[in-house]
**Q** 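Starting off with a structure, shown below.
In what follows, chains carry the letters A, B, and so on, assigned in the order in which the sequence lines appear, proteins first and then strands, with residues in each chain numbered from 1.
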Number of protein chains: 2
Amino acid sequence: MQLISDQIAGYVERSSWIRKMFEEGIALKKQFGEDAVCDFSLGNPDLPPPASVKDALLELAEDADKPFFMGYMPNFGYPDVREKLAAVVSKEQGVSVPADCLVITCGAAGALNSVFRATLGPGDEVITPTPFFVEYGFYCENHGAKLVPVPARELTFELDLDAMDKAITDKTRVVLINSPNNPTGAVYSREQLEGLAAILEKHNQGRERPIILLADEPYRFLAFDGVEVPSLLDIYDYSVVCSSFSKNLSMAGERIGYACINPAMPGKEALIGGVTLTNRILGFVNAPALAQKLLGKVLGSTVDASVYDARRKAMASILDNAGYEYTMPRGAFYFFPKAPGGDDVKFCASLTEEKVLAVPGTGFGRPGYFRLAFCVSEDVILRAKDGMAAAMAKYK
Amino acid sequence: MQLISDQIAGYVERSSWIRKMFEEGIALKKQFGEDAVCDFSLGNPDLPPPASVKDALLELAEDADKPFFMGYMPNFGYPDVREKLAAVVSKEQGVSVPADCLVITCGAAGALNSVFRATLGPGDEVITPTPFFVEYGFYCENHGAKLVPVPARELTFELDLDAMDKAITDKTRVVLINSPNNPTGAVYSREQLEGLAAILEKHNQGRERPIILLADEPYRFLAFDGVEVPSLLDIYDYSVVCSSFSKNLSMAGERIGYACINPAMPGKEALIGGVTLTNRILGFVNAPALAQKLLGKVLGSTVDASVYDARRKAMASILDNAGYEYTMPRGAFYFFPKAPGGDDVKFCASLTEEKVLAVPGTGFGRPGYFRLAFCVSEDVILRAKDGMAAAMAKYK
């Protein structure tokens with residue numbers, strides 16, 4: 001008898017090729033040794049958490065024998081942590097954010113799902129530029145809504161504002177952007193974002209419900225060469241910023257993040273109350289107690305971003321050496337070069353033959369490219385030089 | 001303009017009377033002092049975590065400066081923790097459970113939602129006895145499904161098997177039970193559970209998809225007077241057990257639990273794979289890394305259940321003294337007495353006048369009763385004696 005729903009059975013089927021690839025990688029490492037394989041497939045930050053995390057955890061442990069040490073707290077999080085987070089978010093966004101505009105969540109994924117649950121219903125649409133983080137599609141479908149992918153510009157991956165304008169329908173509830181971007185490393189300029197805001201404002205005329213502009217910003221801390229990562233909070237009133245501490249504190253497995261509802265949003269209390277409720281009823285209940293307490297002690301710390309910059313340059317020189325076509329990432333820790341020959345799945349197989357692991361653009365809704373994650377040591381990057389060149393040579 | 005969906009706006013409206021009550025309690029404590037109010041409204045365990053938790057956390061902190069300390073792990077959890085959990089669950093359930101039948105989740109709420117996401121679709125039905133934990137309704141509706149409440153027997157809150165049999169339709173996908181029960185303290189007997197299994201097996205004949213029997217068991221460790229809490233794993237093949245460490249380790253805010261898919265379930269791999277996937281795509285991604293590591297070190301520890309038993313007896317004597325009608329709870333930390341006068345909302349207001357806080361049965365889908373949580377110190381229980389009697393006196 002069938003145990004799971006048709007939809008989930010379909011998901012398992014669809015996602016099995018990514019798993020297959022992951023398993024291929026494991027097999028490759030087993031066969032040739034960890035050190036023989038250059039794995040650029042995963043966005044799992046390899047830097048240790050800042051030293052402050054260890055100190056904070058030792059301090060926290062001292063209270064672990066007290067009642068309510070890990071008890072329930074308000075669904076939006078510990079009030080004192082929320083206050084501290086408000087100060088940090090205000091600084092990062094350059095906009096004064098009061099604590100009550102924040103809901104502390106189980107990572108950015110928890111924040112996005114809570115915002116979606118509060119705003120989306122069956123048949124609603126969410127627009128996002130491609131390529132995109134593959135989970136976005138699932139997050140929409142969790143709530144009966146549909147992701148509407150709109151291709152970003154070739155190679156630069158800037159927003160195609162005309163195309164986004166045309167994709168908006170009466171069912172569009174949310175436009176979701178991710179800058180600095182996974183998988184492209186693009187950072188949208190102020191001009192682009194202002195253009196997008198103008199389009200949304202035009203569409204909002206006469207609508208009963210405004211289009212929410214939702215920013216997924218876990219890579220905000222990681223922008224290179226001094227590039228500006230503009231805040232949406234002073235560009236568009238109906239904006240929500242979600243983020244996490246997965247990358248800047250190397251806490252990806254700990255699941256801690258937040259949703260920040262624009263303090264300038266008319267009627268914002270309804271959305272804040274809605275997201276606090278959906279955070280609860282989706283089963284998150286609240287962000288993990290320990291992680292919140294930890295955050296209260298280490299907020300403002302961050303891993304050393306210069307390490308990522310050095311790796312970026314090392315990876316760029318290897319791509320240049322082999323003749324790949326790509327845009328230098330302005331943020332995050334990914335390259336998204338063109339796949340030589342045009343078939344990204346085939347090209348990634350060629351890379352695998354050279355013991356280099358990358359993810360085909362198809363996995364991000366954008367065939368013809370492939371993703372290299374450089375959250376690995378510079379050694380691994382340098383070791384990939386010959387393999388990257390050899391794979392390219394097959395297509396020349 | 002409206003920011004949130006109609007459904008969520010309705011939820012906020014509906015849940016506001018519980019919040020109102022909670023706020024009334026805060027106001028009462030402010031006015032008369034913490035010590036003047038007897039608060040039995042919240043199921044937030046007041047016992048400190050076992051001493052092993054502090055030691056484990058200190059030990060863990062030593063590794064907090066290492067790469068991947070809180071990095072991603074497989075979505076089902078750290079393999080070594082899963083192995084240890086399998087040993088503990090096997091012992092608790094009296095059935096050998098291999099590690100690969102477990103998905104470590106963000107609390108039981110995360111487990112329930114992951115199982116629901118994997119099995120339910122729009123229009124599907126979930127049967128549960130009333131009274132029930134109020135979030136169950138939301139959890140079903142998260143996935144477009146509907147909770148179908150079936151009243152348990154008056155006062156004893158045993159399952160009404162005939163009524164459950166009749167409530168099953170072609171759309172029934174899941175029967176959800178919670179034993180030891182919140183809010184009644186009932187523990188279902190082996191005979192009752194075998195009767196339920198027989199009914200489900202009868203309905204499964206000729207169906208394409210079997211009815212899943214889902215057990216929510218965070219109170220399994222808390223059964224009094226040696227009463228048996230039978231395992232469903234050897235009673236019904238299509239069963240799934242969800243649980244958490246919120247109560248037995250006083251970690252309610254930390255969000256750690258699991259789903260255990262019956263090793264005897266035909267084709268179980270599809271459900272295990274499905275739940276692992278839905279745990280990810282719902283945005284949980286994985287259970288918090290720190291909590292998992294902590295669990296790996298303290299599994300098998302538990303708070304002192306005898307403390308709860310003493311409180312239970314203290315509360316019973318106060319109820320007896322005032323002449324309330326109730327069934328002695330056989331597990332968990334709740335009493336669910338009849339509301340004198342029959343109107344539970346009105347009666348709880350009378351209790352509030354006496355500075356005693358309780359939750360009306362209406363909040364659990366069962367008017368005419370009220371819930372008292374005895375996860376508070378014995379002092380508070382003893383102090384409630386006069387107030388409980390005075391409220392009762394108004395209805396004699």
**Q** If I measure from the heavy atoms of chain A, does B/Tyr238 come under 4.5 Å with its side chain, its backbone, both, or neither?
**A** side chain
**Q** Measuring heavy-atom distances to chain A, does B/Met251 have an atom under 4.5 Å in its side chain, in its backbone, in both, or in neither?
**A**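 Interface part for B/Met251: both.
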**Q** Any idea which of B/Ala118, B/Ala109, B/Ala64 has the most non-hydrogen atom pairs under 4.5 angstrom with chain A?
**A** B/Ala118
**Q** Give the member of A/Cys106, A/Gly71, A/Ala51, A/Gly110 that has the highest number of heavy-atom pairs under 4.5 Å with chain B.
**A** A/Gly71
**Q** What closest approach, in Å, do B/Asn44 and A/Phe68 show between heavy atoms, and which atom pair accounts for it?
**A** O-CE2, 3.6 Å
**Q** Check each atom of B/Asp124 against the heavy atoms of chain A and say whether the ones under 4.5 Å are side chain, backbone, both or neither.
**A**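 Neither; nothing under 4.5 Å.
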**Q** Between A/Phe138, A/Phe69, A/Tyr72, which has the largest tally of heavy atom pairs under 4.5 Å with chain B?
**A** A/Tyr72
**Q** Please look at B/Leu120 and chain A and tell me whether the side chain, the backbone, both or neither of the residue comes under 4.5 angstrom of a heavy atom of that chain.
**A**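 Interface part for B/Leu120: backbone (N, CA, C, O).
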**Q** Give, as side chain, backbone, both or neither, the part of B/Ala56 having an atom under 4.5 angstrom from any heavy atom of chain A.
**A** neither
**Q** Quick one: closest heavy-atom pair of B/Leu3 and A/Thr119, and the distance?
**A**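 Smallest heavy-atom distance, with atoms named: O-CG2, 3.6 Å.
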**Q** Side chain, backbone, both or neither: which part of B/Leu294 has an atom under 4.5 Å from a heavy atom of chain A?
**A** side chain
**Q** With a 4.5 angstrom heavy-atom cut-off, could you sort out which part of B/Thr278 is near chain A: side chain, backbone, both or neither?
**A**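 Just the side chain, heavy atoms under 4.5 Å.
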**Q** Can you say whether A/Arg255 sits under 4.5 Å from chain B via the side chain, the backbone, both, or neither, judging by heavy atoms?
**A** side chain
**Q** Picking from B/Ser246, B/Pro48, B/Pro49, what satisfies side chain to side chain contact (heavy atoms under 4.5 Å, CB included) with A/Met70?
**A** B/Pro49
**Q** Select one option (side chain, backbone, both, neither) describing which atoms of B/Glu254 are under 4.5 Å from chain A's heavy atoms.
**A** both
**Q** Output the option from B/Arg280, B/Gln292, B/Glu141 having the highest count of non-hydrogen pairs under 4.5 Å with chain A.
**A**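 The answer is B/Arg280.
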**Q** Step by step, would you call A/Arg173 with B/Ser5 a side-chain contact (heavy atoms from CB on, under 4.5 Å)?
**A** CA-CA 10 Å; A/Arg173 287 266 175 264; B/Ser5 71; over 6 Å; no
**Q** Taking all atoms of both residues into account, what is the closest heavy-atom pair of A/Asp65 and B/Lys54, and its distance?
**A**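 So the two residues come closest at OD2-NZ, 3.4 Å.
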**Q** Any idea which of A/Ile256, A/Leu58, A/Asp6, A/Leu290 has the most non-hydrogen atom pairs under 4.5 angstrom with chain B?
**A** A/Leu290
**Q** Once you round to the nearest 0.5 Å, how far does CD1 of B/Ile281 lie from OH of A/Tyr139?
**A**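 The OH atom of A/Tyr139 is 9.0 Å from CD1 of B/Ile281, to the nearest 0.5 Å.
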**Q** Relative to chain A, which segment of B/Asn113 carries a heavy atom at a distance below 4.5 Å: side chain, backbone, both, or neither?
**A**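 Interface part for B/Asn113: side chain.
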**Q** Do B/Arg117 and A/Asn142 pair up side chain to side chain, a donor and an acceptor below 3.5 Å, judged on atom types alone?
**A** yes
**Q** Between B/Lys247 and chain A, with a heavy-atom cut-off of 4.5 Å, which part of the residue counts as in contact: side chain, backbone, both or neither?
**A**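 The answer is the side chain of B/Lys247.
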**Q** Looking at A/Phe284 and B/Leu282, what are the two nearest heavy atoms and their distance?
**A**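 Of all heavy-atom pairs spanning A/Phe284 and B/Leu282, the closest is CZ-O, 3.5 Å.
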**Q** Looking at B/Val53, B/Leu47, B/Val285, which one has more heavy-atom pairs under 4.5 Å with chain A than the rest?
**A**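 If we count pairs closer than 4.5 Å to chain A, B/Val285 comes out on top.
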**Q** Which bit of B/Leu277 is near chain A, if near means a heavy-atom gap under 4.5 Å: side chain, backbone, both or neither?
**A**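 Only the side chain of B/Leu277 comes within 4.5 Å of chain A.
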**Q** Given a strict heavy-atom distance threshold of 4.5 Å, which part of B/Gln2 is in contact with chain A: side chain, backbone, both, or neither?
**A** both
**Q** Looking at B/Asn286 and A/Gly253, would you say the former's side chain and the latter's main chain have a donor-acceptor pair under 3.5 Å?
**A** yes
**Q** If you count heavy-atom pairs under 4.5 Å between each of A/Leu42, A/Asp46, A/Leu271 and chain B, which one has the most?
**A**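 Going by pairs under 4.5 Å, I would pick A/Asp46.
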**Q** Using a cut-off of under 4.5 Å on heavy-atom pairs, state which of B/Ala291, B/Ala108, B/Ala270, B/Pro210 scores highest against chain A.
**A**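 If we count pairs closer than 4.5 Å to chain A, B/Pro210 comes out on top.
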**Q** Let me know if B/Glu62 has heavy atoms under 4.5 Å from chain A in its side chain, its backbone, both or neither.
**A**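 Both backbone and side chain.
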